[in-house]
Amino acid sequence: VTAVDFAAPLRASGNLRRRRVVNRMAEGVATLCALAAVAVLGIVVAGVFARGADALSLDFITKDPPLFGGPGGGIAPAIVGTALIVAVATAIAMPTAVLVAVYLTEFAGPRAGRLVRLALDVMNGLPSIVIGLFVFGLLVAGHKQTGFAGSLALAVIMLPLIARASQEMLLLVPDHLREAADALGVSRWRTIVGIVLPAALSGIVTGTVLAVARAAGETAPLIFLSSIFGNQVTLNVFGQALPNIPVTIFVLSEQADPAGYARAWGAALVLLTFILLANIAARALLARSRRRMQG
Amino acid sequence: MHLRRIDGIGETLLRALCLLGAAVSILAIVDIAYQVFHGAQPAFARYGFQFLRDSAWKPNFNVFGAAPLLYGTAVTSLMALALATPVGIAIGLYLSLLAPRGVRAVVGPLVEMLAAIPSVILGFWGILVLGPFVRARVEPWLHDHLGMLPIFGAPQTSGSSIFTAGLILTIMVVPIIASVSRDLFQTVPRELTDGAEALGATRWELGLGRALGEAIAVTQVIGAGSLVHASLFQTGDTLASRIANQFQGAVGKLHISALFYLAAVLLVFGIATNLFAQWIGHRFDRQVAVAR
């Protein structure tokens with residue numbers, strides 16, 4: 001009987017070596033893919049910043065665009081218009097979304113809850129261009145484009161995003177808070193309004209900020225709803241189409257005009273800066289609130 | 001007594017408001033479907049399902065067929081999914097299992113940030129930066145080495161191709177698939193991931209949904225041609241990009257209706273993939289539940 005070689009399983013056989021190599025390669029590929037995604041982000045952002053920086057100046061964000069094309073001028077009307085359209089959309093979407101989230105976490109029975117969640121998921125999955133056509137059929141067909149029509153479409157896009165974020169946050173609110181309120185004889189609606197919602201507030205705000213960032217860049221619906229506009233600052237959300245940044249970029253990108261391209265890069269820089277900052281802010285906010293929830 | 005009455009009113013009011021919000025969401029979906037199908041009705045009455053098989057699109061002669069658009073949508077979406085799925089899953093694996101904590105906290109948000117870039121900016125970048133590069137370098141190389149396959153046929157010399165559009169879509173879809181697969185790989189501390197999952201609304205059905213429905217970037221990148229090509233390197237058009245391109249300058253009621261018909265096709269596809277994904281997700285959830 002040969003002595004048992006206790007070291008045997010520890011020595012790499014050909015098979016083990018091959019598995020190690022494959023493992024190393026798979027890890028390498030996965031790492032490479034992650035790096036590639038980060039690199040693409042870097043390339044796109046750097047490309048926009050490098051090209052947009054040439055167009056950027058104080059005039060660019062405070063002046064009207066030139067009347068008859070050509071160089072010079074700014075995109076002030078588009079910046080104001082996008083801010084207005086998104087603000088009105090948020091004013092519609094956020095309260096509705098929070099109510100839906102409260103309904104789902106506090107009131108809904110299993111069947112009603114499933115139906116509402118399905119509606120939110122379907123809404124979330126809808127191509128934004130279909131939402132644009134919906135609002136066109138609802139408000140614009142037979143009338144005219146308005147900034148409000150654009151806001152409504154953006155609100156439909158934002159609603160499921162905010163509702164989902166709020167719902168997840170409401171679910172994270174510890175049950176002992178609700179139970180403590182119950183034990184003190186606090187009525188249900190006071191518990192919800194006074195305790196549960198404030199506890200989830202930072203999460204709701206985070207979801208809203210992210211939805212705003214998403215809505216600010218939406219272009220497809222605005223092409224039918226708020227694209228025929230003049231080139232002056234207007235605040236008339238309900239009466240006429242508002243200039244906005246996404247449609248400005250889209251229109252300029254479809255024309256082969258170098259001065260237009262330069263302005264489009266500048267507009268892209270402004271929009272992208274806002275969106276990236278909003279994302280970073282939302283993330284910081286979420287990290288803070290999560291720490292507090294757990295602490 | 002007084003307090004109790006206020007409480008009763010408050011309770012009823014809050015409940016009613018919440019119910020109203022939920023009802024509005026459901027009504028919105030129903031109305032979206034109604035508006036789109038209602039708009040598509042004239043075109044459907046005239047062309048029926050033949051619309052999906054015809055390939056001519058001549059608005060001035062009231063001749064409409066969606067076959068090239070279905071083809072363009074299918075090709076760009078499938079290409080994006082074929083490229084993005086392995087890459088996205090690999091990133092998900094890296095983020096959930098391989099990356100050190102510190103690296104994960106940086107790379108994860110950066111990958112998700114990629115999804116935050118608006119499609120109109122990505123599309124603009126696609127025309128001016130990626131498109132020329134792909135036309136000058138990538139397409140000739142693929143044609144030289146894999147040209148025996150019809151999909152890598154002779155590249156054209158100007159304009160942007162379905163191939164470029166597919167690449168742009170891939171960039172859009174990768175972060176979605178990455179964060180969903182990451183969440184699947186680390187299902188353990190559920191409460192921890194839930195908050196993050198809520199953030200990007202990163203359900204994996206959104207991947208295909210976005211690829212199918214992305215209008216803007218595709219419109220910008222693809223030169224508008226309406227013939228069915230076998231080669232990825234020719235120009236093409238998709239359902240969504242055709243709507244974005246022509247709706248504003250539609251020449252007649254039937255033209256508008258035909259565009260609504262395209263939207264209806266998108267809507268049906270979107271809902272179908274969504275339901276399918278939910279069904280799979282449901283099964284997955286149940287398996288996880290059983291495994292626990």
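Letters A, B, ... are given to chains in the order of the sequence lines, protein chains preceding strands, and every chain is numbered from 1.
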Report task. State, to 0.1 Å, how close A34(A) and V107(B) come at their nearest heavy-atom pair, and which atoms those are. Result -> CB-CG1, 4.3 Å
**Report entry** Ring center gap for F247(B) and F136(A) short of 6.0 angstrom
**Finding:** yes
Requested in this report: Apply side-chain contact (heavy atoms from CB on, under 4.5 Å) to V87(B) and list each qualifying residue two or more places apart in sequence or on a separate chain.
Outcome: C33(A), I91(B), V174(B)
Query raised in the report: Is the closest side-chain heavy-atom distance between Q35(B) and L138(A) below 4.5 Å?
Result: yes
Query - From I243(B) atom CD1 to I129(A) atom CD1, the distance as rounded to the nearest 0.5 Å - result: 5.0 Å
**Report entry** Where C18(B) and F107(A) come nearest, the two heavy atoms and their spacing
**Finding:** SG-CE1, 3.8 Å
Query raised in the report: Any idea which heavy atoms bring L133(A) and A263(B) closest together, and the distance?
Result: CD1-CB, 3.3 Å
Report task. Let me know if I192(A) has heavy atoms under 4.5 Å from chain B in its side chain, its backbone, both or neither. Result -> side chain
Requested in this report: Identify the two heavy atoms, one from A116(B) and one from N279(A), that lie closest to each other, and give their separation to 0.1 Å.
Outcome: CB-ND2, 3.4 Å
Report task. Output the option from V103(B), I89(B), V129(B) having the highest count of non-hydrogen pairs under 4.5 Å with chain A. Result -> V129(B)
Report task. With rounding to the nearest 0.5 Å, note down the distance linking CD in E112(B) to CG in L41(A). Result -> 12.0 Å
Query - CE-CD1 distance between M123(A) and I32(B), expressed to the nearest 0.5 angstrom - result: 5.5 Å
**Report entry** Part of L272(A) lying under 4.5 Å from any heavy atom of chain B
**Finding:** both
Query - Listed partners of L83(B) passing side-chain contact (heavy atoms from CB on, under 4.5 Å), at least two apart - result: M79(B), L167(B), T170(B)
Report summary line: Of the listed L115(A), V100(A), I280(A), the one with the largest count of heavy-atom pairs under 4.5 Å with chain B is V100(A)
Report task. Would you mind checking if R15(B) and E106(A) are paired as a salt bridge, meaning a charged N to carboxylate O distance below 4.0 Å? Result -> no
Requested in this report: Would you check, one step at a time, whether the test side chain to side chain contact (heavy atoms under 4.5 Å, CB included) holds for Y94(B) with L32(A)?
Outcome: CA-CA 9 Å; Y94(B) 176 78; L32(A) 216 66; over 6 Å; no
**Report entry** By side-chain contact (heavy atoms from CB on, under 4.5 Å) - contacts of A33(B) (at least two apart)
**Finding:** F37(B), L267(B)
Query - Per-residue contact mode, L126(A) against chain B (heavy atom under 4.5 angstrom) - result: side chain
Query raised in the report: Given the rule in the side chain to side chain contact (heavy atoms under 4.5 Å, CB included) test, do W189(A) and L13(B) qualify, once you have shown the distances and angles that lead to the verdict?
Result: CA-CA 9 Å; W189(A) 74 278; L13(B) 197 66; over 6 Å; no
Query raised in the report: For the residue pair F124(B) and S253(A), what are the closest heavy atoms and their distance?
Result: CD1-CB, 3.3 Å
Query raised in the report: Tell me, side chain or backbone of L259(B) under 4.5 Å from chain A's heavy atoms, or both, or neither?
Result: backbone
Query raised in the report: Checking I171(B) against chain A: side chain, backbone, both or neither under 4.5 Å from a heavy atom?
Result: side chain
**Report entry** Interface moiety of A213(A) toward chain B, non-hydrogen atoms closer than 4.5 Å
**Finding:** neither
Query raised in the report: Are P118(B) and T219(A) side-chain neighbours, meaning at least one heavy-atom pair lies under 4.5 Å?
Result: no
Query raised in the report: Does any heavy atom of chain B fall under 4.5 Å from the side chain of V156(A), the backbone, both, or neither of them?
Result: side chain
Requested in this report: Specify which of V111(B), L128(B), L19(B), L110(B) makes the most heavy-atom pairs with chain A at under 4.5 Å.
Outcome: L128(B)
Report summary line: Of the listed V48(A), V193(A), L271(A), the one with the largest count of heavy-atom pairs under 4.5 Å with chain B is L271(A)
Requested in this report: Evaluate the side-chain proximity of L93(B) to E27(A): yes if any heavy-atom separation is below 4.5 Å, no if none is.
Outcome: no
Query - Heavy-atom check, side chain of I275(A) versus side chain of I117(B), under 4.5 Å - result: no
Report task. Could you list which of residues 21-30 of chain B have a heavy atom closer than 4.5 Å to any heavy atom of chain A, in residue-number order? Result -> G21(B), A22(B), V24(B), S25(B), I26(B), A28(B), I29(B)
Report task. Select, from R188(A), R51(A), Q167(A), the one with the greatest count of heavy-atom pairs under 4.5 Å involving chain B. Result -> R188(A)
